[in-house]
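A short write-up of the structure that comes next.
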Amino acid sequence: MRSTTLLALLALVLLYLVSGALVFQALEKPHEQQVQKELEDGRDKFLKDHPCVSQENLREFIKLLAKTLGGGANPDTSWTNNSNHSSAWNLGSAFFFSGTIITTVGYGNTALQTDAGRLFCIFYALVGIPLFGMLLAGVGDRLGSSLRRGIGHIEAVFLKWHVPPGLVRILSAVLFLLIGCLLFVLTPTFVFSYLESWSKLEAIYFVIVTLTTVGFGDYVPGTSSRHNSAYQPLAWFWILFGLAYFASVLTTIGNWLRAVSRRTRAEMGGLTAQAASWTGTVTARVTQRAGPSAPPPEKEQPFLPSSLPAPPGVVEPASMPVSPGSPKKAKTPSPPTASALDYPSENLAFIDESSDTQSERGCALPRAPRGRRRPNAPRKPSKPRGPGRLRDKARPA
C-alpha cells in the first residue's frame, strides 16, 4: 500500500472515530446527568429519612456496594443461606467465562480479582485463542460448505426455470446471507428476548455485540439465578456457530474479491495483447506504404587466389591467346536488389556469385597481407570457343 493511500485511510478512520465520539456524547451524556441526579436525590432522601446515618458513612457504604457488585456479588442472595446463594463461579458460569476468553468476546461483567487467577489467565489466553481460531476455521468451512450445498440445489431449480446465470448468482448470495441471519441472528434474538425478559431491541443489540466480539457486558445471558447451569454453556455453543458463520461470510467475500481481481488482471492482459497486436499491424502497414527498405551494407568479400601476385621464383602459366574475332562476352552481374525481408542464405549466395564473376573478368581485388593465406594454384583458363571451328565445320569436303 502506498504512503498516500495509507495516510488517506488513517485520516478517514480518525474522522470516523471523531464523528462517532460526537454522536455518542450527544446521545449518552444527558442520560448520564439524569442518572447522577437520581443518585443524589436518592441519597438525600435516605439521609432525610434516616438522620442517624451520617453522609460520610453512606458514601463509604455506596463505594463498598459498587466494589462488591463489580466483583461478582449478588445483592439478591445471602451468603449464610447456601440454598439461596448462587455463585458466579459455578461450573456453568466458569465454563462460560473461559469461553469468553478464548473467543475474545470478554463481556467484563465478571472479572478476576486474585493475582493467581490473572497470571493463569495470561497463559490460558495465549494457548486458547489460537486453538479456538483453528476450530473456528474448520467449523466455518464445514458450515459454509453445507450452506452452499443447499443453495446449489436452489440454483439448479432456478436454472431449470431458465433464469439468467448472473441473476442466479445474485439470488444465491442473498439466500446465503438471509439463511445465516435467520439461523444465527433473528432466531437467537427471539430466544433471548423470551428467556431473559429483554426487549427486542435489547436482544438484537446483545446478539450483534456478541457476534462482532465487542462484548460490552451490559447484557449477559444467564446472570439471574432462575436459569439452569447448562444455559450458559449452550449460549457459548451458539457463539461458536455464529462466529463460524461470520467467518464463512468473510471468507466468501475474500474469495469473491480475489476472483474479481483475477478476472480484472485477465481482462487487462487481453487488452494489452490486443493493443500490441494493433500496434504491430499499424507498423507493418506503415512500412509497406513507405516502400522497400534500404539495402543492407555490403559485406567484405573474401580474397581469391587468382588476384594475388605469384611468389618470386614461380613462373605463372601463360594463358591461351584469344582471337580478335571472337571477343569473350562477360556477364555483368546484376546489382543486388534488397527486398523487405532478406534471408541470410540469399545474401551469402549473392556474395559468392559476384566474387566468381569478378575473378573471371580479372578484376583486381585488394592485396591481402603477407602470411595471411597461402595462395593456391591458379585455375586453368577454359578454351574459348572461337569462330574458327565453326568455319572448319562449314568448309565443304
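Heavy-atom basis, side chains included; hydrogens, waters and symmetry copies ignored. Remember, predicted model here, so these are calculated numbers, not experimental data.
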>> Set out, in order, the CA-CA distance, both residues' side-chain angles and the distance that settles side chain to side chain contact (heavy atoms under 4.5 Å, CB included) for Glu196 and Phe206, then state yes or no.
In response: CA-CA 11 Å; Glu196 298 290 341; Phe206 161 74; over 6 Å; no

Looking at [Y] and [X], is there a salt bridge between them, counting it only when a charged N and a carboxylate O are closer than 4.0 Å?
X	Y	answer
Arg59	Glu56	yes
Asp41	Lys37	yes
Lys45	Asp49	yes

>> For the CG atom of Leu10 and the OG atom of Ser3, what is their distance to the nearest 0.5 Å?
In response: 12.0 Å

> Would Leu186 and Tyr219 show up in the same hydrophobic cluster when neighbours are defined by side-chain heavy atoms closer than 4.5 Å?
Replying inline: no

Please check if the side chain of [X] supplies one atom and the backbone of [Y] the other of a donor-acceptor pair under 3.5 Å.
X	Y	value
Ser93	Trp89	no
Tyr245	Leu177	yes
Thr187	Phe184	no
Gln232	Phe95	no
Ser193	Trp198	yes

> With distance as the sole criterion, is a donor-acceptor pair present between the side chains of Thr210 and Tyr107 under 3.5 Å?
Replying inline: yes

>> Would you call the rings of Tyr205 and Phe216 parallel, tilted or perpendicular, taking 30° and 60° as the class edges?
In response: parallel

>> Please find the pair of heavy atoms, one from Phe176 and one from Val249, that lie closest to each other, and give the distance.
In response: CE2-CG2, 3.6 Å

>> Apply side chain to side chain contact (heavy atoms under 4.5 Å, CB included) to residues Asp115 and Leu119 and explain how you reach the verdict.
In response: CA-CA 6 Å; Asp115 294 337; Leu119 181 63; over 6 Å; no

